[in-house]
Undergrad: 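One structure coming up, written as structure tokens, with questions to follow.
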Amino acid sequence: MAIDYTRGLHEVGPDVWAWLLPDGEWGMSNAGLVRGVDQSFLVDTLFDLPLTTEMLDALAGLVEAAPIAGALNTHANGDHCFGNQLLGDDVKIHATRDTDHEIHHGTTPERLQMLVSSDFGPVTSEFLRSCFGAFDFEGIALRGADVTFDDELTVDVGGRAVELLRLGPAHTAGDAIAHVPDAKVVFAGDLLFIGGTPIMWAGSLENWMRACDRMAALDPDVVVPGHGPVTDVDGIAEMRRYLAHVTEGIADALAAGRPWREAADRMDLDRFASWPQAERIVVTTYHAYRQAVAGVPAEDGVHLFGEMAAWRQRHAGRR
Ligand SMILES: [Zn+2]
């Protein structure tokens, strides 16, 4: 089934919709809706209140007779949960325990606002603004989960089963997906980027590849990624190939005794070098190194964005 990659609502299965936000760049994330007989279930809110309001307004007709009663935050990055406060108090928000913890202790809207409005030097600041400058972080009050789970939880959505499966840690500590077996649809959150480069804030790469295998084993007809166009199992397989390629590159760099910055800088990304946001290899390499070897100093987010910006600049002519 070919689904157009245009902004807005797309039916991807019987009474299952994806909300798509091209071009899938930083913060431009997808969400979803599953509708049962008398209630509906939302997969993720969006990065700011205007984006989430636009989506909820577009869903209003669909959920009139089957109101949204539950939701999942696939993970704690703001582009998947900063709109939570716009869901009514009666909407039960679900998340893994790790995601709920990260919503309350991770990057806040105030910090993102500070990142785009402060001066970290021209290269870093220009990059941060290109990532986050288009969003409106005003008025966001963090809201976490009402229901947490560790491994899996099946929710009854007006007579339909929606399986919430924790497959992280990978992109973040608590990544979960929503699987709608009767429609053969998987909402992958940021365990899947399509038409862009994945970024690993937690890891491991091995567990992320296992997550890909588990998603593929569900044998879905339709897979909605956290960013990018709707895909199927081929999209999962392609991203798994990227992860396997990077795993190999990092193993080679470790064997050669390269520090992580050099490993990221010299990594031969092969055909994946042309993927948008190729500079995310910096963050993925950093976290892979932190897990593989002792003594890699901790870096804060500003430094990692600075490193990505510098990588991007150095490689601009080479791609
Ligand atoms: Zn995202």
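Counting starts at 1 for both ligands and their atoms, following the listed order.
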Undergrad: Under the rule for salt bridge (charged side-chain N to carboxylate O under 4.0 Å, His left out), what residues qualify as partners of R7, not counting sequence neighbours?
TA: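 R7 satisfies salt bridge (charged side-chain N to carboxylate O under 4.0 Å, His left out) with E54 once adjacent residues are dropped.
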Undergrad: If the threshold is 4.0 Å, N to carboxylate O, is there a salt bridge linking E126 and R129?
TA: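 No, no charged N to carboxylate O under 4.0 Å.
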Undergrad: With D136, which residues qualify under salt bridge (charged side-chain N to carboxylate O under 4.0 Å, His left out), at least two apart?
TA: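 Listed in chain order: nothing, the list is empty.
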Undergrad: Listing by chain and number, which protein N, O or S atoms are under 2.8 Å from the Zn ion (ligand 1)?
TA: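 Correct list: D79 OD2, H80 NE2, D190 OD2, H227 NE2.
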Undergrad: Residues two or more places apart in sequence or in another chain: which of them pass salt bridge (charged side-chain N to carboxylate O under 4.0 Å, His left out) with R97?
TA: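 In terms of salt bridge (charged side-chain N to carboxylate O under 4.0 Å, His left out), with neighbours along the sequence ignored, R97 is linked to D150.
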Undergrad: Would you check if the distance from the ring center of F41 to the ring center of F187 is below 6.0 Å?
TA: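 Here the rings of F187 and F41 have centres that are no less than 6.0 Å from each other.
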Undergrad: Taking E238 first and then R271, would you say they form a salt bridge - that is, a charged N and a carboxylate O separated by under 4.0 Å?
TA: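 Yes, E238 and R271 are salt-bridged.
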